[in-house]
There are 2 protein chains.
Amino acid sequence: MSDSDEGAGRAAPSRRKDARRNKENLLDAAAAVFVASGVDAPVRDIAARAGVGLGTIYRHFPTRADLIIAVYRHQVDACAEAGPALLAAGATPHAALGEWIGLFVDFLVTKHGLAAVLHSDEAGFDALHTYFLDRLVPVCTQLLEAAAAAGEIRSDIDAYALMRGVGNLCIGAESDPRYDARRLVGLLVAGLRSPR
Amino acid sequence: MSDSDEGAGRAAPSRRKDARRNKENLLDAAAAVFVASGVDAPVRDIAARAGVGLGTIYRHFPTRADLIIAVYRHQVDACAEAGPALLAAGATPHAALGEWIGLFVDFLVTKHGLAAVLHSDEAGFDALHTYFLDRLVPVCTQLLEAAAAAGEIRSDIDAYALMRGVGNLCIGAESDPRYDARRLVGLLVAGLRSPR
DNA sequence: AACGATACGGAACACCGTTCCGTTTTGGCA
DNA sequence: TGCCAAAACGGAACGGTGTTCCGTATCGTT
């Protein structure tokens, strides 16, 4: 029950070898295409790279968001687990919050267009939105509360809004050398500090 | 030479009455459709609302961005002109900067999806990007420099990056009651303050 | 009135994500 | 081993975009 098995509501692995192999190929192909062309890459490209038909991709991943989730699940989980670790590591809660947000930003900006698609209202992306939020908002809330309890930041900030803001700031960060998303995020985190 | 005439590089009005009328109808229709369905509305919707063919819309506005620019030109210009006015109005430069950014945010959030499309890297949107930047970045630079000269904010901030960040923060602000773009922008502006 | 320049409309094209279904493959069972 | 229903496969087809293209209609001028 480490990580690749079925979790709570995940589907059991298929009983058929070809199905398992195709799903694996699809994940590899999608990962490769995502780094090459961004998460907006045409579904057909991914299917072609995996040597698979369109029907197959949609059977394994009913919506494109499900595919993206599957590809990045491990990294999102790692980010979620880093939160408590950072908090326990000794630095101040505000510093931990800053570092954790840095991890989140790193994750987003290294994936072309992920940030943009994350907050897209296109139909079908609810699952992606929901997964990110369910996994990361609680962690962010915990960091925020710790920093607020320590009196380091104002206490009227909502983790959801903050994460959404950070995600938004990361949009287009890879494709414009004049725009340094990390610096802006740093400013935002600085703005969290309690007045005086 | 007040405002509706041709400026520096704008095309002269057509010699034909029907062409001028269609362009006018197109602008009205686009404005109406933009408030009803957002700036992402299908080109066909706008053409239909204007009672015009697809060819006509593309002849007058070679790219969708040109249409958006034409529709919002006046408001962008007003925003640009408000900058110096605010600075002269008496408050501190940092307050003026905050108010001016508030104006910019108001402009963006009342137009469904404008913020998103502004920083889109889709081909053809360069013109929109460029127009906004050319018009507003100098104003923002002026405000930033005034505030920096007064020692109110750190001086290592680039107007382009700031405006881009603010624009990004406004993405999706209309469609999610849990996300208050204005508050996040406020935090960002607070983060601009010089340390100590 | 006639005619060339200009603008018009919308069919046609090139993509896209997604659905659907006839065909192929698989793995358990007799 | 041979069989066969269940499962998965591939890709044509659909509905929706933005954009191009060109035969036709209109305008303003001579």
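Source: prediction; values computed, not measured.
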As a test of reading the structure: which of [options] is closest to the side chain of [X], going by heavy atoms?
X     : options                : answer
A:V43 : D:dG18, D:dT20, C:dG17 : C:dG17
B:Y58 : C:dG17, D:dT19, C:dA7  : D:dT19
A:D18 : C:dG17, D:dA8, D:dT20  : D:dA8
A:L54 : D:dA8, C:dG17, D:dA12  : D:dA12

*Charged N-O contact under 4.0 Å between A:R183 and B:D158*: no
*When you check the gap from the basic side-chain N to the acidic O, do B:R135 and B:D77 get nearer than 4.0 Å?*
yes
_Quick check with a 6.0 Å cut-off and a 45 degree axis cone: is B:R73 positioned over the face of B:Y131's six-membered ring?_
yes
*DNA chain C: B:R15 or B:G55, which has the more 5' nearest nucleotide?*
B:R15
Output the rounded distance in Å from [atom1] ([X]) to [atom2] ([N]).
X     : N      : atom1 : atom2 : value
B:D45 : D:dT17 : CG    : P     : 7 Å
A:E24 : D:dA8  : CD    : P     : 16 Å
B:I57 : D:dT17 : CD1   : P     : 14 Å
A:R21 : C:dG27 : CZ    : P     : 10 Å
A:N25 : D:dG10 : CG    : P     : 10 Å
B:D66 : D:dG18 : CG    : P     : 15 Å
A:R20 : C:dT26 : CZ    : P     : 12 Å
A:K17 : C:dG28 : NZ    : C1'   : 14 Å

*Give A:S14 one of three labels, base, sugar-phosphate or nothing, depending on what nucleic acid heavy atoms sit under 4.0 Å from its own.*
sugar-phosphate
*Checking all strands, does A:A41 fall into the base, sugar-phosphate, or nothing category for heavy-atom contacts under 4.0 angstrom?*
sugar-phosphate
*Tell me, with the steps shown, if B:L114 and B:F107 meet side-chain contact (heavy atoms from CB on, under 4.5 Å).*
CA-CA 9 Å; B:L114 213 212; B:F107 170 68; 3.8 Å; yes
Looking only at N and O atoms, is any donor in the side chain of [X] or the base of [N] less than 3.5 Å from an acceptor on the other one?
X     : N      : answer
A:R44 : C:dG17 : yes
A:R59 : D:dA8  : no
A:R16 : C:dT25 : yes

N/O (side chain, [X]) to phosphate O (OP1/OP2, [N]) under 4.0 Å:
X     : N      : answer
A:T56 : D:dG10 : yes
B:H60 : C:dA7  : no
B:N22 : C:dA7  : no

*Would A:F104 and A:V185 count as a side-chain contact (heavy atoms from CB on, under 4.5 Å) if you check the C-alpha gap in whole Å, the side-chain angles of each, and the deciding distance to 0.1 Å?*
CA-CA 11 Å; A:F104 181 52; A:V185 171; over 6 Å; no
*List the steps, then state whether salt bridge (charged side-chain N to carboxylate O under 4.0 Å, His left out) holds for B:R182 with B:D106.*
CA-CA 9 Å; B:R182 270 171 261 256; B:D106 284 342; 2.2 Å; yes
